[in-house]
Amino acid sequence: MPELPEVETVRRGLEPVVVGRRVLRVSVLSHRPLRRQAEGERAFSDWLTGARITSVQRRGKYLWWWLADTQRPALVAHLGMSGQFRTGTSQDGFGPHERVRFELDDGAVLSFVDQRTFGWVLADTAVGDVPASVEHIARDPFDERFDLRGAAARMRSRRTGVKRALLDQTLVSGIGNIYADEALWRAKMHPSHATDSLSRSAATAVLGAAAEVMAAALQAGGTSFDPLYVHVNGESGWFSRDLAVYGREGEPCRRCGRAILREAFANRSSYRCPGCQPLPARAR
DNA sequence: ACGAGCTCCTGCTTGC
DNA sequence: TGCAAGCAGGAGCTCG
């Protein structure tokens with residue numbers, strides 16, 4: 001499940017492979033990842049073919065290449081739940097879930113592989129300093145222009161639960177289900193705590209906790225106990241051993257020893273410690 | 001305008 | 001044993 005640290009790990013893996021290279025050929029092996037390209041697959045391939053890749057950027061979980069020598073200046077990618085970029089040569093196969101293949105001018109092959117097909121790629125226009133499809137996404141905590149106090153203020157103006165707010169990519173980007181639960185545990189906060197009853201310092205603290213846990217994960221190479229997430233070279237990340245609550249139902253809390261709970265949350269799961277993160281007076 | 005719920009998808013796990 | 005249901009979930013979309 002790629003969240004910010006995983007996507008940043010992929011970005012760093014891609015950078016030395018693609019920057020300065022030109023795309024020689026594009027092969028669309030599956031329609032589904034191109035579903036956001038209203039102009040169609042042919043236009044996608046035509047725009048990409050011959051383009052030169054000038055940089056690899058990221059905001060939250062969105063990844064893009066800036067391109068030169070093309071009518072569409074950005075190739076945007078979202079990994080969804082199971083998307084991967086894999087690199088290799090034209091001799092390499094990337095299995096049955098290979099979706100889009102890019103051949104570069106130095107012989108390298110870059111492949112977008114995605115089992116569950118929630119991921120997508122898009123040849124996009126630019127709006128200011130981001131692609132149009134990324135314009136609505138808030139800055140993430142790793143962005144040098146990220147405004148922690150502003151994000152906390154926006155969080156407190158919402159009328160929802162704090163976990164929903166953490167997952168809202170238009171409020172702060174990059175946080176998914178795993179790091180939301182980890183951040184809430186660090187901040188000793190219940191996921192349903194009402195955002196409009198958070199103190200300024202509590203809102204800042206939970207956002208700061210999210211930034212901390214994601215920074216630790218990035219240092220470890222991205223969380224992965226899931227074979228669906230791998231680096232561009234195919235190696236797995238290993239941060240999962242450090243998770244405090246996510247996936248640890250029934251195991252003891254590392255702070256207080258109480259058994260970690262798993263609860264239904266918005267068609268998925270929330271993990272929390274009943275001792276450290278009790279239900280607050282005001283919940284949503 | 002905002003918040004909440006639904007939906008897309010595949011493969012592994014669980015239960016009858 | 002085999003089949004079906006459950007589960008994983010990011011984010012765009014729709015509805016109230």
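Chain naming here is simple, since letters A, B, ... match the order of the sequence lines and numbering starts at 1 in each. The basis for the numbers below is simple: all heavy atoms, side chains too, and nothing from hydrogens, waters or symmetry mates. None of the values given here were measured: they were computed from a predicted structure.
- Applying the side-chain hydrogen bond (donor to acceptor under 3.5 Å, both in side chains) rule to A:T160 yields no partners; only residues at least two apart in sequence or on another chain are considered.
- Axis deviation across the helix from B:dC2-C:dG16 to B:dC16-C:dG2 amounts to 60°, comparing end segments of five pairs, rounded to 10 degrees.
- Taking the salt bridge (charged side-chain N to carboxylate O under 4.0 Å, His left out) definition, one finds that A:R101 meets it with A:E98, sequence neighbours left out.
- Within the structure, the ring-ring contact (aromatic ring centres under 6.0 Å, His included) test picks out no pair touching residues 10-31 of chain A (sequence neighbours left out).
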In a table with atom names and distances, give each donor-acceptor pair under 3.5 Å that connects a side chain of residues 198-211 of chain A to protein atoms at least two apart or in another chain.
residue: A:S199; atom: OG; partner: A:S201; partner atom: OG; Å: 3.2
residue: A:S199; atom: OG; partner: A:A202; partner atom: N; Å: 2.9
residue: A:T204; atom: OG1; partner: A:R200; partner atom: O; Å: 2.8

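- Rounded to a whole Å, the CG atom of A:L171 is 13 Å from the P atom of B:dA4.
- Between A:Q115 atom CD and B:dG11 atom C1' there is a gap of 5 Å when expressed in whole angstrom units.
- Separating the CD atom of A:E263 from the P atom of C:dA8 is a distance of 13 Å, rounded to the nearest angstrom.
- Salt bridge absent: A:R186 and A:E182 never bring a charged side-chain N and a carboxylate O closer than 4.0 Å.
- Across all strands shown, A:R262 has heavy atoms under 4.0 Å from sugar-phosphate atoms exclusively, and none from any base.
- With sequence neighbours excluded, no residue forms a salt bridge (charged side-chain N to carboxylate O under 4.0 Å, His left out) with A:E135.
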Return the polar atom pairs (N/O with N/O) between nucleotides 10-13 of chain C and the protein under 3.5 Å, or none.
residue: C:dG10; atom: OP2; partner: A:N177; partner atom: N; Å: 3.4
residue: C:dG10; atom: O3'; partner: A:H78; partner atom: NE2; Å: 3.1
residue: C:dG10; atom: N7; partner: A:R268; partner atom: NH2; Å: 2.8
residue: C:dA11; atom: OP1; partner: A:H78; partner atom: NE2; Å: 2.0
residue: C:dA11; atom: OP2; partner: A:K61; partner atom: NZ; Å: 3.2
residue: C:dG12; atom: OP1; partner: A:Y62; partner atom: OH; Å: 2.6
residue: C:dG12; atom: OP2; partner: A:H136; partner atom: NE2; Å: 3.0

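- Distance CG (A:N267) to P (B:dC8): 13 Å, rounded to an integer number of Å.
- Between the CZ atom of A:R116 and the P atom of C:dG6 there is a distance of 17 Å, given to the nearest Å.
- Against DNA chain B, the stretch residues 147-162 of chain A makes heavy-atom approaches under 4.0 Å through A:R158, A:R159, A:T160.
- In this structure A:D46 satisfies the salt bridge (charged side-chain N to carboxylate O under 4.0 Å, His left out) test with no other residue, sequence neighbours excluded.
- Between the P atom of B:dC9 and the CZ atom of A:R99 lies a distance of 11 Å, rounded to the nearest Å.
- In this entry the distance linking NZ of A:K163 with C1' of B:dA4 reads 15 Å, nearest Å.
- With sequence neighbours excluded, no residue satisfies salt bridge (charged side-chain N to carboxylate O under 4.0 Å, His left out) with A:R156.
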May I have the list of side-chain donor-acceptor pairs in residues 22-30 of chain A shorter than 3.5 Å, sequence neighbours left out?
residue: A:R22; atom: NH1; partner: A:G50; partner atom: O; Å: 3.0
residue: A:R22; atom: NH1; partner: A:D69; partner atom: OD2; Å: 2.9
residue: A:R22; atom: NH2; partner: A:D69; partner atom: OD2; Å: 3.4
residue: A:R25; atom: NE; partner: A:E103; partner atom: OE1; Å: 3.4
residue: A:R25; atom: NE; partner: A:E103; partner atom: OE2; Å: 3.1
residue: A:S30; atom: OG; partner: A:R32; partner atom: N; Å: 3.4

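- Between A:Q57 and A:D129, every side-chain heavy-atom pair lies at or beyond the 4.5 Å cut-off.
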For residues 255-265 of chain A, please give each side-chain donor-acceptor pair under 3.5 Å, one per line with the distance, not counting sequence neighbours.
residue: A:R255; atom: NH1; partner: A:W185; partner atom: O; Å: 3.0
residue: A:R255; atom: NH2; partner: A:W185; partner atom: O; Å: 2.7
residue: A:E263; atom: OE1; partner: A:R272; partner atom: NE; Å: 2.8
residue: A:E263; atom: OE2; partner: A:R272; partner atom: NE; Å: 3.4
residue: A:E263; atom: OE2; partner: A:R272; partner atom: NH2; Å: 3.0

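- Residue-to-nucleotide contacts include no donor-acceptor pair under 3.5 Å from the side chain of A:R164 to the base of B:dA4.
- Here B:dC9 presents its P atom at 12 Å from CG of A:D114, a figure rounded to the nearest Å.
- Residue A:S269 has no polar side-chain atom (N or O) positioned under 4.0 Å from OP1 or OP2 of C:dC7.
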